[in-house]
Amino acid sequence: TLSPDHEDFLDVDAELAEQERDIRDAVREFAKDRLAPHVGDWFEHGRLPARELAVEFGKLGVFGMHLDGYGCAGTTATAYAVACRELEAVDSGLRSFVSVQGSLAMKAIHRWGSEDHRAEWLPRMAAGEAIGCFGLTEPDAGSDPGSMRTRARRDGTDWILDGTKMWITNGSVADVAVVWAQTGDGVRGFVVPTDTPGFSAPEIEHKLSLRASVTSELVLDGVRLPDSAAFPEVRGLRGPLTCLNEARFGILAGVVGAARTCYLAARDYTLVREQFGRPLAAFQLTQRKLADMVVEVNRASLLALQVSRLSDTGRLHHNHVSVGKLANVRAALDVARSARTLLGANGISLEYPVMRHMANLETVLTYEGTEEMHALSIGQAVTGIPAFR
Ligand code: FAD
């Protein structure tokens, strides 16, 4: 019998279809050649060549890859999950770029937009010629988006939008913003071209996490839009939550990549680094840590595969995604923190990927529903009692 592969110990990828494996290989190669050599620099300087990367991601075919039509690839959810994993193996910020474009902005337009919205934006977004962002969070409305203050009011047949969105990925580089706002008729979504007068998107500085990602404030100061800018049918939080569920799906798969990179870095390092006349990997305490990492990475990988298959067979419930996001982000953070200790002082350096991943995962723990929100959601599912307020 063959001994297990240290990179995929439980041989989880053998469960993938051939096309899913081809996509994995293509994204992995792109990530290795085009992203990995630069990501430390992008992170250190807090600058991402977003325009250039968008076109390259478009060519790779990862923007909205799981959507159908309008220039999107229409792959399985499993293939999308694997692509997210391979991108996040390099950096959570790069996976965020792809999730926000595909699962939040494009998905919102694809699912809730008018035919005109879809035809105008989706082909360009799939190709990476147009960048999208998704504005739900506000300075005073995070976990409780229903308390948002951004308002859209009528002026004749036009809409006027006023308010502020906060922590919006890709905001400053976006061509189009999907903005959620209160109306007399509940929360509605609006397609806002970012060159509309009254719209601005200052970048948020001083982040210590997700530095290889653009994060912005959106300021809407009397932004006038035609009637047709609103999503025609959807009302209430169901609109944004549909999209968030898909983006969270990308996260629960993505973080497996971050965890894998941290584990492999720790393995490689401890095999070479010697103290007390032996490689660190020869100490029992080190092997215990590596074994725990193998367990966590593989358990997370299996969980991601199961959630992917639930999605591909039309059985996915948002609580499945809550279990996956909660479990896998926690696992990835545990792996990253443990790997950090094994690298000793080098563990705190950007010369190694571990602390960058660890810092990024603090964002991943918080965005798209904090760990506590997902716990409450699972708690409600198994007790029937909502404990959110
Ligand atoms: P809060 O809601 O204030 O929560 C603070 C703490 O209180 C958390 O631990 C939370 O779990 C806890 N808490 C809150 N309510 C309860 C409760 N009822 N019971 C127990 N504990 C509770 N948003 C977007 O709309 N679009 C984006 O593109 C986007 N990108 C982001 C990128 C980055 C880098 C970051 C950091 C955030 C991004 N976000 C985005 C925002 C993100 O989704 C929010 O930060 C998140 O929803 C949490 O909201 P908050 O930060 O206001 O925290």
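Start at 1 and go down the list; that is how both ligands and their atoms are numbered. Hydrogens, waters and symmetry mates are skipped; everything else that's a heavy atom, side chains included, is used.
Within 6.0 Å of the CZ atom in Arg288, the count of heavy atoms belonging to other residues, nucleotides or ligands does not exceed 12. Atom CG of Leu241 has more than 12 heavy atoms from other residues, nucleotides or ligands within 6.0 Å. Under a cut-off of 6.0 angstrom, the local environment of CD in Glu115 is crowded, with over 12 non-hydrogen atoms contributed by other residues, nucleotides or ligands.
Remark: atom 7 (O) of ligand 1 lies closer than 4.0 Å to no protein heavy atom. For atom 22 (C) of ligand 1, the protein comes within 4.0 Å by at least one heavy atom. Within 4.0 Å of atom 38 (C) of ligand 1, at least one protein heavy atom is present. In this structure, atom 27 (C) of ligand 1 is in close contact with the protein, since a protein heavy atom lies within 4.0 Å of it.
Below 4.0 Å from some heavy atom of Phe388 lie the following atoms of ligand 1, by number and element: 18 (N). Heavy-atom proximity to Glu368, at under 4.0 Å, picks out these atoms of ligand 1: 43 (O). Of all the atoms in ligand 1, the ones that sit under 4.0 Å from a non-hydrogen atom of Ile168 are 24 (C), 25 (O), 26 (N), 27 (C), 28 (O). Residue-ligand proximity, Leu136 to ligand 1, at heavy-atom distances under 4.0 Å covers atoms 25 (O). Within ligand 1, counting atoms from 1 as listed, the ones closer than 4.0 Å to a heavy atom of Phe134 are 24 (C), 25 (O), 26 (N), 27 (C), 28 (O). The Leu210 neighbourhood of ligand 1 comprises atoms 34 (C), with distances under 4.0 Å to a heavy atom of that residue.
Using a 4.0 Å cutoff on heavy atoms, Leu376 counts as a contact of ligand 1.
A donor and an acceptor atom, one from each side chain of Lys289 and Thr341, are located under 3.5 Å apart.
Separating the CD atom in Gln306 from the CZ atom in Arg315 is a distance of 6.5 Å, to the nearest 0.5 Å. Atom-to-atom distance recorded for Leu244:CG and Phe249:CZ is 15.0 Å, nearest 0.5 angstrom.
Ring-centre distance between Phe97 and Phe57: below the 6.0 Å cut-off.
Annotation: Ser143 places an N or O atom under 3.5 Å from an N or O atom of ligand 1; distance criterion only. Ligand 1 has no N or O atom lying under 3.5 Å from any N or O atom of Lys207, backbone or side chain. Between Thr366 and ligand 1, a contact under 3.5 Å exists for no N or O pair. Looking at Glu372 next to ligand 1, an N or O pair under 3.5 Å apart turns up. Considering backbone and side-chain atoms alike, Met373 places every N or O at 3.5 Å or more from each N or O of ligand 1. Between Thr169 and ligand 1, an N or O atom pair is found at a separation short of 3.5 Å. The N/O atoms of Ala387, backbone and side chain alike, include none that comes under 3.5 Å of an N/O atom in ligand 1. Of the polar atoms of Thr215, none of the N or O atoms is found under 3.5 Å from an N or O of ligand 1, judged by distance alone.
In terms of protein heavy atoms, atom 36 (C) of ligand 1 is closest to Thr363 CG2, 3.8 Å. Considering only non-hydrogen protein atoms, atom 29 (C) of ligand 1 sits nearest to Trp167 O, 2.6 Å. Looking from atom 50 (P) of ligand 1 to the surrounding protein, the closest heavy atom is Gly142 CA, 3.9 Å. Looking at atom 24 (C) of ligand 1, its nearest protein heavy atom turns out to be Thr137 OG1, 3.3 Å.
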Requested in this report: Could you go through the side-chain hydrogen bond (donor to acceptor under 3.5 Å, both in side chains) check for Ser114 and His117 one step at a time?
Outcome: CA-CA 5 Å; Ser114 64; His117 292 146; 3.2 Å; yes

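Gly132 and Gln101 make their closest contact through N-OE1, 2.8 Å (heavy atoms, listed as atom of the first residue, atom of the second, distance).
Taking the charged nitrogens against the carboxylate oxygens, Arg330 and Glu371 do have a contact shorter than 4.0 Å, which makes a salt bridge.
Between Ile204 and Met166, some side-chain heavy-atom pair lies under the 4.5 Å cut-off. Contact check for Met148 versus Leu136: side-chain heavy atoms found under the 4.5 Å cut-off. The side-chain heavy atoms of Val364 and Glu88, taken from C-beta on, include a pair separated by under 4.5 Å.
Cation-pi geometry between Arg154 and Trp159 is met: under 6.0 angstrom from the ring centre, within 45 degrees of the axis.
Contact annotation for Thr370 and ligand 1: only side-chain heavy atoms (C-beta onward) come within less than 4.0 Å of the ligand.
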